[in-house]
Amino acid sequence: MATQRVLPQSKETLLQNYNKRLKDDIRSILDNFTEIIKTAKVEDETQVSRATQAEQDHYEMHVRAANIVRAGESLMKLVSDLKQFLILNDFPSVNEAISLRNQQLRTLQEECDKKLISLRDEIAIDLYELEEEYYSSSCGQWDGVELPLCEAFHRQDSWGSPETTSDPSCANPEDSDNLGTQESMQRHLNSHGSSTSEQS
């Protein structure tokens, strides 16, 4: 069983005031409703005419109905004041709610950290395998120099494009050497034939 907390004198007085307002408003609603029921009763003939009595009863019902409405609004205001008092002064419940929320946020943070670590490990494994594949293949080298991974793939894509295939600067170095040898032999033969024709 929870021990009852001792409230300060100001809070105790405030709670007593709330209790008094509650009892007064409920009594007002009950009394006015009872009088309205009594007024609805048809009485015997009196010295006052029925029309006058009916008008008086009608006015009394309006007044008492207004009193009931006022008491109801006072009860609604009392409920609002009690909620405000509970929020501002019930520190144990507020601290408990804050602790529970902090625990939920810590749990969520731990889950996010675990997912991020798992994602980092997967990316590292994939990147390692990709680098191994890159450095073990021929696309990782260009004229005997190891190229960065992005540039090597860029040049590999350029090899397969029609524009780069027709470009002599992108040709194989061995094919370029063979082509240069053939051109030099052709120039040598042309120069030898021209000198023979001049001697004849």
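None of these values were measured; they are calculated from a predicted model.
Qualifying side-chain contact (heavy atoms from CB on, under 4.5 Å) partners for I29, counting only residues two or more places apart in sequence or in other chains: I68, A71, L75. Residues satisfying the side-chain hydrogen bond (donor to acceptor under 3.5 Å, both in side chains) criterion with E60, sequence neighbours excluded, are R64. The side-chain hydrogen bond (donor to acceptor under 3.5 Å, both in side chains) test applied to N19 returns no partner, not counting sequence neighbours. Qualifying side-chain hydrogen bond (donor to acceptor under 3.5 Å, both in side chains) partners for R101, counting only residues two or more places apart in sequence or in other chains: Q104. By the side-chain contact (heavy atoms from CB on, under 4.5 Å) test, S80 is found to be paired with no residue, residues two or more places apart in sequence or in another chain being considered. Here S74 pairs with D25 under the side-chain hydrogen bond (donor to acceptor under 3.5 Å, both in side chains) rule; sequence neighbours left out.
E131 is listed as a side-chain neighbour of L127, based on a closest heavy-atom distance under 4.5 Å. Residues Q16 and E12 have side chains in contact (heavy-atom distance under 4.5 Å, counting atoms from C-beta outward). Put simply, the side chain of Q103 reaches to within 4.5 Å of the side chain of R106, judged on heavy atoms.
When the shell of 6.0 Å around CZ of F33 is examined, it contains 12 or fewer heavy atoms from other residues, nucleotides or ligands.
Atoms CE and CG, on M61 and N32 in that order, are 12.5 Å from each other to the nearest 0.5 Å. Here the straight-line distance linking atom CG of L15 with atom CG of L82 works out to 8.0 Å at 0.5 Å rounding. Annotation: the span from L130 atom CG to Y135 atom OH amounts to 10.0 Å, rounded to 0.5 Å.
Hydrophobic cluster of I123: the remaining members, joined at side-chain heavy-atom separations below 4.5 Å, are L119, listed by chain and number. The hydrophobic cluster of L100 has no other members, since no ILVMFWY side-chain heavy atom comes under 4.5 Å of it. Think of V63 as one node in a network of Ile, Leu, Val, Met, Phe, Trp and Tyr side chains linked at under 4.5 Å; its network also takes in Y59.
Pairs engaging residues 107-126 under the ring pair (Phe, Tyr, Trp, His ring centres under 6.0 Å) rule: none recorded [sequence neighbours left out]. Listed by first and then second residue, the salt bridge (charged side-chain N to carboxylate O under 4.0 Å, His left out) pairs that reach into residues 114-127 come to none, sequence neighbours excluded. Sorted by first then second residue, the salt bridge (charged side-chain N to carboxylate O under 4.0 Å, His left out) pairs that include residues 67-83, not counting sequence neighbours, are R21-D81, K77-D81.
Checking side-chain atoms of S28 against main-chain N and O of D24 turns up no donor-acceptor pair under 3.5 Å.
One hydrophobic cluster, built from ILVMFWY side chains closer than 4.5 Å, holds both I26 and L78.
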